[in-house]
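Because the structure is a prediction, the values reported are computed rather than measured. What's counted below: heavy atoms across the whole structure, side chains too, no hydrogens, waters or symmetry copies. This chain uses plain numbering: 1 for the first residue, then up along the sequence.
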Amino acid sequence: MDNSISLGSISSTAVPYITKKLYSQLSGLSEDTVRGMVDRGHLPSVKIGKQRMVNVALLTREALESEY
């Protein structure tokens with residue numbers, strides 16, 4: 001059974017929040033790294049119920065608006 005996930009299957013406009021585990025899989029960062037980034041405020045997040053989710057909609061908007 002193939003449990004892989006591709007970025008093409010995720011639409012940030014349809015899915016504004018994703019789990020830290022899924023963000024870890026999509027970004028290639030470890031779950032501990034993602035958890036630490038969320039805890040320190042380096043990744044935008046929102047608490048939904050008992051779980052803290054990565055706010056990929058805000059992260060995408062910030063990336064598109066930033067000037068390099």
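Taking the side chain as every heavy atom from C-beta outward, Val54 and Thr19 never approach each other to under 4.5 Å.
Taking CE of Met53 as the start and NZ of Lys21 as the end, the distance is 13.0 Å to the nearest 0.5 Å. Distance CG/Asp32 to CE/Met37: 13.0 Å, rounded to 0.5 Å. Atom CZ in Arg52 sits 7.5 Å away from atom NZ in Lys20 (nearest 0.5 Å).
Under the 4.5 Å side-chain heavy-atom criterion for grouping Ile, Leu, Val, Met, Phe, Trp and Tyr, Val38 is connected to Val56 within one hydrophobic cluster. Note: the hydrophobic cluster containing Leu59 also contains Ile18 (ILVMFWY, side chain heavy atoms under 4.5 Å, direct or indirect links).
Checked by atom type and distance alone, the side chain of Ser24 pairs as donor or acceptor with a backbone atom of Leu29 at under 3.5 Å.
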